[in-house]
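What follows is a set of notes on a single structure, which appears directly below.
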Protein chains: 6
Amino acid sequence: MSESTHLHHDHAATPSPAAFRLARAEGNERLRGSGELFESFFALDAAAYQAGALPVTTKELLGLVVSVMKDCEECVYYHLERCDEEGVGRDEVLETLQIALVAGGSVTVPLLRRAMSFMSQLPRLGAS
Amino acid sequence: MSESTHLHHDHAATPSPAAFRLARAEGNERLRGSGELFESFFALDAAAYQAGALPVTTKELLGLVVSVMKDCEECVYYHLERCDEEGVGRDEVLETLQIALVAGGSVTVPLLRRAMSFMSQLPRLGAS
Amino acid sequence: MSESTHLHHDHAATPSPAAFRLARAEGNERLRGSGELFESFFALDAAAYQAGALPVTTKELLGLVVSVMKDCEECVYYHLERCDEEGVGRDEVLETLQIALVAGGSVTVPLLRRAMSFMSQLPRLGAS
Amino acid sequence: MSESTHLHHDHAATPSPAAFRLARAEGNERLRGSGELFESFFALDAAAYQAGALPVTTKELLGLVVSVMKDCEECVYYHLERCDEEGVGRDEVLETLQIALVAGGSVTVPLLRRAMSFMSQLPRLGAS
Amino acid sequence: MSESTHLHHDHAATPSPAAFRLARAEGNERLRGSGELFESFFALDAAAYQAGALPVTTKELLGLVVSVMKDCEECVYYHLERCDEEGVGRDEVLETLQIALVAGGSVTVPLLRRAMSFMSQLPRLGAS
Amino acid sequence: MSESTHLHHDHAATPSPAAFRLARAEGNERLRGSGELFESFFALDAAAYQAGALPVTTKELLGLVVSVMKDCEECVYYHLERCDEEGVGRDEVLETLQIALVAGGSVTVPLLRRAMSFMSQLPRLGAS
């Protein structure tokens with residue numbers, strides 16, 4: 001492999017779910033250890049996604065659409081993983097991404113391409 | 001009423017749902033009449049919110065959270081009205097706004113204040 | 001007119017071009033008088049829109065589409081006025097707004113409604 | 001005053017500090033009463049601006065620049081008021097707005113015009 | 001090549017046009033196959049960039065400036081390629097990027113660096 | 001190392017400060033050579049961060065928080081480096097990032113993870 005090749009990351013490539021989970025966990029751990037306010041914010045974030053009047057599945061779809069709208073690539077991967085764990089159906093995810101596309105326009109397309117690529121690696125959503 | 005007063009719109013005030021509906025309808029009509037592409041886009045937007053794997057209620061909550069994240073005040077009012085029409089519960093709306101707040105941070109607060117004010121004027125969500 | 005009415009600004013209403021021009025000029029004057037860096041920035045901004053390899057008309061359309069994408073209402077009005085002054089055709093403006101809509105999605109619609117409303121007040125673009 | 005006039009809010013006008021404070025307080029009160037998560041978020045937000053390694057004055061300038069970058073008009077007014085209360089100098093505020101302008105570009109100008117207009121109404125920053 | 005090196009993608013590096021085209025085409029194909037709405041959106045997007053009152057070259061420059069403003073790296077590469085194919089001049093591209101810089105401020109600089117790097121690899125724009 | 005592996009850049013990895021500095025300098029040089037307006041903009045940007053009523057350290061923290069709010073990864077690295085050079089304390093940086101988190105919400109977390117990772121490589125901020 002040439003020097004010049006390895007410097008160019010593939011712009012359609014996405015991390016493996018396992019690699020992503022590990023890197024995310026390490027990074028969050030570092031933040032949590034950097035001050036009480038970070039710790040409190042993470043707790044608040046977790047609370048917002050707990051089941052309440054809305055089920056966890058709906059909340060994860062809300063988190064997913066938010067992540068696309070804010071162009072937050074790693075947030076998209078995280079909520080796709082959570083959707084997979086909670087048994088959200090593939091069609092439900094696709095309809096959510098369609099709302100993101102119509103609401104956010106063509107500038108969301110590159111992130112939607114990555115979302116589809118990441119989703120294809122997930123045990124349930126990738127198999128369906 | 002003094003000249004200087006009426007120039008300052010109240011930054012917490014929100015339009016009445018009736019006035020908003022009328023102004024929005026007129027503006028959309030004008031856009032629709034300004035080229036086929038506008039018309040096609042509106043059709044696509046409507047299609048994205050039709051019932052499918054996800055019920056209309058969930059899609060309207062997706063539209064609501066998107067609107068807060070993109071700081072689109074009139075989009076927020078529109079989706080709150082649609083939630084009201086579709087019988088979405090007040091607690092479901094509030095949990096959706098909480099996800100918006102945690103995901104989008106304190107800069108979403110002014111729009112959340114307006115959302116609450118507008119919601120208080122809606123027949124069902126305002127009464128509950 | 002009741003107190004409660006005048007506090008609610010009409011969300012489809014747009015300023016008159018004359019009122020907008022005056023308020024904008026006063027505000028810019030105040031910024032220019034507040035430090036050399038403001039003055040220099042305004043000069044740089046003016047330079048970017050001068051005729052060069054691209055004609056002024058194309059540059060004003062670039063400024064217009066940028067303004068929609070950044071949800072900058074007053075920037076939209078300004079570039080519409082400049083388009084009007086430079087004799088840009090109504091169809092050219094509409095095609096530019098269509099690109100903004102497809103690129104930025106449905107969250108751009110409220111600002112596009114205002115753009116249409118403001119444009120209808122302009123001497124050339126409003127008459128055509 | 002004609003009907004058509006009062007519907008057009010002056011796009012360079014800003015609320016009076018007193019009116020703004022009242023509307024903001026009422027809106028925040030409503031949010032705080034709408035669920036524990038809102039209350040917790042407000043507490044976290046307040047904690048972030050407490051004196052620590054950085055003095056309150058610097059933190060308010062950080063809040064101000066953030067508010068311009070996120071195009072949050074009411075956030076700008078709030079942090080200008082806090083700067084005024086904490087005795088931040090006018091030149092310090094102006095240099096902060098200059099960083100916002102250079103970092104965020106010409107699309108920040110309309111909000112900077114409003115910031116200057118609001119600031120002129122503040123007891124200390126407006127007098128200097 | 002060490003493990004630690006290959007994990008760090010070069011932050012100034014850009015994909016080769018050929019690799020980018022391939023990855024983009026595959027990703028879009030996947031989206032198109034995931035629901036009628038995606039297909040319809042792509043058709044609408046293509047329609048917006050067809051020649052009309054404005055020539056294709058101007059529309060591609062509009063697409064380019066939009067892409068910088070929305071910080072959409074792959075959109076920038078796509079519209080640069082289209083500009084290259086349509087024979088847009090290098091100076092026209094540079095003046096468009098200058099408007100993006102002044103309008104969007106210094107936070108656009110990293111993407112402009114990548115745009116310049118990608119452009120240098122294009123057959124016409126890179127040679128001039 | 002497999003082909004498929006090296007295409008996936010580690011989403012928590014950050015460039016080394018030395019590699020980043022080099023790539024950034026080369027890219028900026030290319031922009032500066034592409035037109036007078038780029039050159040003038042860089043000069044204006046440099047002027048905004050000069051010591052004035054506010055010390056350089058405060059201005060670099062303003063630049064840092066702006067960079068997080070605009071999701072500008074390379075801007076974050078640049079201002080962290082400048083903070084390191086100017087002797088800004090680690091706690092001052094952390095409090096600035098906390099304001100960014102509360103103001104911008106959970107969608108800023110991925111960039112904050114990278115900021116922490118990059119900071120750990122800096123001579124002063126990484127050692128403390």
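Each chain gets a letter, A, B and so on, in the order the sequences are listed, and its residues count up from 1.
Within the 4.5 Å cutoff, no side-chain heavy atoms of Ser117(A) are placed close to those of Glu26(E). Using a 4.5 Å heavy-atom threshold, the side chains of Pro110(A) and Cys72(E) count as touching.
Closest non-hydrogen pair, Arg90(A) versus Ser34(E), comes out as NH2-OG, 4.4 Å.
A distance of 8.5 Å separates CZ in Arg30(E) from CE in Met119(A), rounded to the nearest 0.5 Å. Note: Leu37(E) CG to Ile99(A) CD1 = 9.5 Å, rounded to the nearest 0.5 Å. A distance of 11.5 Å separates CE in Met116(A) from CD in Glu29(E), rounded to the nearest 0.5 Å.
Of the listed residues Leu111(A), Thr108(A), Leu101(A), the one with more heavy-atom pairs under 4.5 angstrom with chain E than any other is Leu101(A). Looking only at heavy-atom pairs under 4.5 Å with chain A, the residue among Asn28(E), Val66(E), Asp71(E), Asp45(E) that has the most is Asn28(E).
Each of Phe42(E), Tyr78(E), Phe38(E) was scored for a side-chain contact (heavy atoms from CB on, under 4.5 Å) with Val109(A), with one residue passing: Phe42(E).
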